[in-house]
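Scope of the values below: all heavy atoms of this structure, side chains included, with no hydrogens, waters or symmetry mates. It should be emphasised that the depicted structure is a prediction, and the values quoted were computed from it without experimental measurement.
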Amino acid sequence: MFWDQQCETLDRDTLERLQLHRLQETVRRVAAHVPFYREKFAELGLQPDDLRSLADLRRLPFTTTADLRANYPTGLLAVPYDATLRLHTSSGTTGKPKALFFSRQDVDNAAELCARSFVMAGITPKDVFQNMMTYGMFTGALVTHYGAEKIGCLVIPAGPGNSERQLLLMRDFRTTFIHLTPSYGLYLATFLEKHNVDPRRDLALRKAFVGAEPYTEETRRKIEEGMGVDVYNSYGLSEMNGPGVAFECEHKHGMHLWEDHFLIEIIDPQTAEPVADGQPGELVMTTLTREAMPLLRYRTRDITSLIPEPCRCGRTHRRLNRITGRSDDMLIVRGVNIFPQQIERILMAEMRVGRNYLILLNGLDEMTVKVELAEAGFDGQVEHLMKFQSQLAEKLRAEILIKPKVQFLPPGSLPITEGKAQRVFDERKM
Ligand SMILES: [Zn+2]
């Protein structure tokens with residue numbers, strides 16, 4: 001199903017011509033109206049007309065979170081203050097928020113892309129949408145709210161939490177799809193179970209859109225089983241409209257990123273050089289249609305990779321793999337870039353390994369992975385354990401290119417932290 005079949009299936013040449021045209025317009029507009037960019041262009045000796053191909057994108061300056069804060073509150077506006085229609089701020093940060101302005105056209109485009117994304121996942125005007133995201137300054141709820149209304153769905157602006165009321169609403173109004181965070185999805189699945197609600201029997205739920213926090217395939221399966229829904233992975237960030245930047249189609253193999261509105265690059269977060277197609281790196285995005293606050297080469301700090309091959313659904317917009325972490329988490333060990341998530345993936349795929357682990361780096365650039373064994377992980381034979389230890393070290397080497405020391409611990413021996421666990425201890429920084 002398509003919302004805008006023509007845009008969604010543009011051939012790559014036409015799409016790239018459109019991107020270049022929109023990029024040139026964006027660059028001209030920021031050069032004319034945003035002093036921050038005008039100064040950056042002057043430093044680089046760059047004229048807006050120098051931009052002749054998409055490859056010239058690399059000549060443009062990056063924009064960082066720090067730039068957004070430094071230009072708070074209105075420094076990055078490309079339209080007069082009274083031409084703005086809505087203010088959002090970014091979520092979950094301390095200190096000054098990032099102020100993000102939308103014009104009327106930006107608000108429309110954001111809803112349009114959400115409508116496109118929902119329809120791609122099979123939503124129709126007959127569907128009933130219970131939105132369990134936080135309403136307010138955060139983009140997560142409002143943008144999807146307007147997207148679903150655009151399709152013609154009944155929208156229930158429930159917001160998060162208050163699970164008894166969520167259940168009442170889902171039951172009485174025959175909710176068919178929900179939008180929520182992975183952690184709330186897991187909670188709600190447990191809540192239904194505790195209240196003897198069998199969602200397949202008692203509710204009309206069909207689909208769930210899960211986003212706003214990174215989560216794993218295992219979590220997706222748990223929500224699907226517990227809530228009796230088909231879970232779709234989505235990606236968005238407030239700096240780029242909020243939700244509706246990239247969504248999964250029915251094939252659920254990567255998220256189509258709407259390239260007629262955003263230009264994407266994947267770079268090595270250390271060197272800022274592009275990585276080869278399909279390789280992991282930091283997602284960098286340039287807005288192509290934003291009026292109020294266009295951003296050039298915004299460093300999202302999210303780590304992902306591109307799937308360059310065409311998708312079976314017929315859409316030509318390239319797909320992003322699941323976000324695996326933040327570039328801030330990256331470790332450099334003996335010159336190799338390593339993400340703790342790579343190590344986690346290898347460990348958690350092992351039956352004999354428990355849930356808790358630590359990564360230690362010493363002053364000699366040596367890595368030790370301390371990992372708890374599962375309850376049934378040790379059969380009493382020391383030589384079996386030693387064999388497993390060297391196999392695991394070898395599997396880790398294949399993934400992260402350096403061979404760590406692997407140390408097994410009895411189940412429950414590593415500390416459990418509430419909230420975000422600290423798993424990396426870097427003595428090189430101590
Ligand atoms: Zn597809």
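Annotation: cation-pi pair Arg423/Tyr357 present, NZ/CZ under 6.0 Å from the ring centroid and within 45° of its normal.
The pair Glu282-Arg301 fails the salt-bridge criterion, with no side-chain N (NZ, NE, NH1 or NH2) lying under 4.0 Å from an Asp/Glu carboxylate O. Classification of Arg116 and Asp260 as a salt-bridged pair holds, one side-chain N sitting under 4.0 Å from a carboxylate O. Under the 4.0 Å criterion applied to side-chain N and carboxylate O atoms, Arg397 and Glu394 are assigned as salt-bridge partners.
Side chains of Tyr235 and Thr304: a donor-acceptor N/O pair is absent below 3.5 angstrom, by distance only. The closest side-chain donor-acceptor pair between Asn241 and Arg290 falls under 3.5 angstrom. Inspection of the Thr139 and Ser238 side chains reveals an N or O donor paired with an N or O acceptor under 3.5 Å.
Using a distance-only test at 3.5 Å, with no hydrogens or angles considered, no donor-acceptor pair links the side chain of Thr175 to the main chain of Arg171.
Of the inter-residue distances, the one linking Tyr184 atom OH with Met132 atom CE reads 6.0 Å to the nearest 0.5 angstrom. Atom CG of Leu77 sits about 10.0 Å away from atom CG of Asn71, to the nearest 0.5 Å.
Annotation: side chain to side chain contact (heavy atoms under 4.5 Å, CB included) contacts of Thr190 (sequence neighbours excluded): none.
Judged as a ring-ring contact (aromatic ring centres under 6.0 Å, His included), the pairs with a partner in residues 296-327 (not counting sequence neighbours) are, in order, Trp258-His317. Sorted by first and then second residue, the pairs that involve residues 188-212 and meet ring-ring contact (aromatic ring centres under 6.0 Å, His included), not counting sequence neighbours, are Phe118-Phe209, Phe177-Phe209, Phe191-His195, Phe209-Tyr232, Phe209-Phe247.
Annotation: side chain of His33 is not in contact with side chain of Val79 (no heavy-atom distance under 4.5 Å).
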